[in-house]
Amino acid sequence: MNIDPRLTDLPVRAHAALVVTGMTCAACATRIESALSHVDGVADAKVNLVLERADLDFDQRRTSIAALIAAVREAGYDAAPLTESSPPESSIPESSRDGWHVVVAALLTAPLVLQMAAHTFGFDFHLSPWLELALAAPVQFILGARFYMGAYRALRAGSSNMDVLVALGTTTAFALSLFLVLTQGAAAGQLYFEGSAVIITLVLLGKWLEARAKRSTTDAIRALMALRPQTARVLRNGIESEIPIAAVALGDVIVVRPGETIPVDGTIIDGAGDCDESLITGESMPVARTPGDLVIGGAINLTGRLVITARAVGQSTMLSKIIALVQSAQTGKAPVQRLVDRISAVFVPVVIVLAALTIAAWLVLGQPLEQAIIAGVSVLVIACPCALGLATPAALVTGLGAAARAGILIKDIEALERAHAVTRIVFDKTGTLTEGRPRVTAMTVLSGDRADALAAAASVQSASEHPLAKAMVAYATAEGIKPQPVMQFVSHAGGGVTGRVGDRKVTVGNADFLKRNGIDTTPAHHALTELESRGETPVLVALNGTVSAVFGLADAPRAQSAAAITALNERGIASILLSGDTPRVASIMGRRLGIDDARGGIKPEDKAREIAALRSQGQVVAMVGDGINDAPALAAADVGIAMGGGTDVAMQTAGITLLRPDPRLVAAAMDISRATWRKIRENLFWAFIYNLVGLPLAALGILTPALAGAAMAASSLSVVINALALKRWRLRFIEAPQA
């Protein structure tokens, strides 16, 4: 077989995630992102400062993981492939070491601070200049060595970061003090050793606290990862044996005892029990599971012995997909973050220039050299761009984690950004606002034999996956009628189905569908009117072109649907119902749920056009559907929201997936989106305000280097702590009791 040579030139796309170490501020993340983006074959590179992670899409034919790691190292940092066992975060030993560095630095700096405080309050307390040097030197060159190494790596790579500012500022203050001691024998208390020592101590403290706080932002992901069991009890040849989870295969029969975690996604084949799915779907109440039900890997079997057949293992399980999607979303970048990155890229060089101008201005005004240098040092120290780099990712990581904990899976940053501005929400009816389990309520025979019409309808509908079709098949089965083989089956979306059963053509669908097929529906007029007046869905059956029967089907609204619409109204978001049912049935359902704008007779392909029309009017539109039939509409909306199930199609099509079928989660998704965006704006405000206020004060000599260091550390810590407030976000509604 000859292969088209052009095919061998097609890119082989791959995704990789790297743990990146050595980053200290937004400038570092921007530098690494730039370095990776310039590697031949890299299509996209995103670096997250909070998660200490880089995500890349690249062409495997043109580059490799080793080449990507080499690019990071060449930029002055280190990297390694991200393992699936744990989220990227600083190790416990490293955190413990940093904590001890803070303690030692504080002990050495304390006498210098005590001397400064004594002078401030008029007490005559002096340390020997040589003792000041002895106390400050270890802080500067041993405990502060990390800043020199970071600055060296950055400068070697042709960039600059927070380490450059700290190293340059503290070294200048230390060198000035040392010069005064060696050349002028400066009197005790007239040196600036305490400035450099306090700056390093405060920056170390700030970084240690910041690292601890950043780890808290990934609590939700770590909690999900902790649900992954390491072993499973497999039943083979009648013998139970415990094997590593990686050895479980599709189709394996697994035994789960009370109190154990379900290891894989599966179907119960024996036993029953209550399962705690709260950490996966956000459902606070235990869910009863019986034979035939699906169970989710990571859920806890509270009662009863379950025997399940594995349907998904490893990275194919819902839990693994949820973790992957949340991590992917957390590494994404909002447009506002891209703007911040551009600012951070030039921020450090601009600050160095400002510091030089500050020194020059003081000298021009006739001030002493040492005062000019100290003012310049204050400018260097206070202007570190750490807070700017942390402002957006810290809020995103925490907000997306809080959403996942509540059963709201936000797939991408763009969906989160648009969701906070939504003005209209379009709902599908069946399976979204209703239970999705319609049942036959009536059957009216217009011609022929009842059993014959029911058998023909059930036979054709048995080939369809539509909920109405399943309801009709179940109704026939309950009457003892078995579906017959069907030939030439064709499904017409939004209309009905056709097929041949024996020597007869059978047409099943709504009135419009039958009319389009040339079938007279006049005999069914009375039955149609009566069913629609009750808000039931009519389905007609025609045999060889003649209407034979009319079925009435009803799909009960979900218990939470009316409350969901009320919650959206309270938030100023109007709801619209689009249904394939007749306009009258849709209107009745709309009134029952409190939706004023309920439109019927809408085909699946028409929903996308309705949404486009709303968007053309300036509305920001969200679409809520099941993620399968409504895929075009979900894609057409500003924000697509898939209801329940967590299917592959739902997760891929919609920007937001609700992990349980509770429509009240739609309003909750809007809430967490607004809360997260509010935190991003607050963080950016505080990050900028620190610099806008601090830089002039430092340049004017009002802020000492020590106070500038404290302000810089406080700015970074404040944005992370502010973002952590999102961890307290909770669903506002009361959970409905389980049936």
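The shortest side-chain heavy-atom distance between V508 and M472 falls under the 4.5 Å cut-off. Contact annotation: the side chain of R558 never approaches that of D662 to less than 4.5 Å [non-hydrogen atoms, C-beta and beyond]. Between S673 and I656 the shortest side-chain heavy-atom distance does not fall below 4.5 Å. Proximity of R660 to L665: side-chain heavy atoms (C-beta onward) are separated by under 4.5 Å at one or more points. Counting heavy atoms from C-beta on, the side chains of P557 and L433 never come closer than 4.5 Å. Under the 4.5 Å side-chain criterion, counting only non-hydrogen atoms from C-beta, F58 is not in contact with D44. A heavy-atom distance below 4.5 Å is not found between the side chains of V20 and D78. Counting heavy atoms from C-beta on, the side chains of R53 and V47 never come closer than 4.5 Å.
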Show your reasoning for whether side chain to side chain contact (heavy atoms under 4.5 Å, CB included) applies to V255 and L306.
-> CA-CA 6 Å; V255 177; L306 302 180; over 6 Å; no
Going through the checks in order, is the side chain to side chain contact (heavy atoms under 4.5 Å, CB included) test met by I269 and V253?
-> CA-CA 9 Å; I269 57 176; V253 177; 4.1 Å; yes
Would you sort out whether I254 and V256 count as a side chain to side chain contact (heavy atoms under 4.5 Å, CB included), showing the intermediate values?
-> CA-CA 7 Å; I254 298 169; V256 186; 4.2 Å; yes
Intermediate values then yes/no, side chain to side chain contact (heavy atoms under 4.5 Å, CB included), Q461 and V497 = CA-CA 7 Å; Q461 292 285 50; V497 295; 3.4 Å; yes
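For the pair D293 (side chain) and T290 (backbone), a donor-acceptor distance under 3.5 Å is present. For H492 (side chain) and F513 (main-chain N/O), no donor-acceptor pair under 3.5 Å exists by modelled atom type. Of the possible donor and acceptor atoms, one in the side chain of S459 sits under 3.5 Å from a partner among the backbone N and O of Q484. Not a single donor-acceptor pair under 3.5 Å links the side chain of E479 to the backbone N or O of A476. At least one donor-acceptor pair under 3.5 Å links the side chain of R500 to the backbone N or O of D503. With hydrogens and angles ignored, the 3.5 Å screen pairs a side-chain donor or acceptor of T303 with a backbone N or O of D274. Between the side chain of T434 and the main chain of K429, a donor-acceptor pair closer than 3.5 Å is present. Judged by distance alone, with hydrogens and angles left aside, the side-chain atoms of N301 form a donor-acceptor pair with the main-chain N or O of G304 at under 3.5 Å. Side-chain atoms of D265 come within 3.5 Å of backbone N or O of M318 as a donor-acceptor pair. No donor-acceptor pair closer than 3.5 Å links the side chain of S316 to the backbone N or O of A312.
The minimum heavy-atom distance linking A79 with V72 is given by the pair CB-CG1, 3.8 Å. Between I408 and A669, the shortest heavy-atom contact is CD1-N, 3.7 Å. Heavy atoms only, all atoms of each residue included: L302 and P258 are closest at O-CB, 4.0 Å. Residues A419 and V639 approach most closely at N-CG2, 3.7 Å, considering heavy atoms. The two residues I410 and A403 come nearest to each other via the heavy atoms CD1-CB, 4.0 Å. Considering every non-hydrogen atom in both R504 and A456, the closest pair reads NH2-CB, 4.4 Å.
Heavy atoms from other residues, nucleotides or ligands lying under 6.0 Å from CZ of R233 number more than 12. Enclosure of atom CZ in R730 by more than 12 non-hydrogen atoms of other residues, nucleotides or ligands within 6.0 angstrom is indicated. Remark: R439 CZ is loosely packed, at most 12 non-hydrogen atoms of other residues, nucleotides or ligands lying under 6.0 Å away.
Among residues two or more places apart in sequence or in another chain, the side-chain hydrogen bond (donor to acceptor under 3.5 Å, both in side chains) test is passed with D252 by R236.
Separating the CG atom in L294 from the OG1 atom in T309 is a distance of 11.0 Å, to the nearest 0.5 Å. To the nearest 0.5 Å, the span separating NZ on K607 from CZ on F427 amounts to 12.5 Å. From L543, atom CG reaches atom OG1 of T507 across 8.5 Å, with rounding to the nearest 0.5 Å. A distance of 10.0 Å separates CD1 of I262 from CG of D276, quoted to the nearest 0.5 Å. One finds the OG1 atom of T21 at 7.5 Å from the CD atom of E52 (value rounded to the nearest 0.5 Å). Between S464 atom OG and K470 atom NZ the span is 8.5 Å, to the nearest 0.5 Å.
Between E277 and R289 there is a salt bridge, since at least one side-chain N of the basic residue sits less than 4.0 Å from a carboxylate O of the acidic one. A salt bridge links R305 to E240: at least one charged side-chain nitrogen sits closer than 4.0 Å to a carboxylate oxygen. One finds no salt bridge joining R61 and D59 here, because no Lys/Arg side-chain nitrogen approaches an Asp/Glu carboxylate oxygen to under 4.0 Å. The residues R450 and D452 are annotated as not salt-bridged, no charged nitrogen and carboxylate oxygen being separated by less than 4.0 angstrom.
Note: F551 and Y475 have perpendicular aromatic rings, judged against thresholds of 30 and 60 degrees for the angle between ring planes.
For the residue pair S320/T317, the side-chain donor-acceptor check at 3.5 Å is satisfied.
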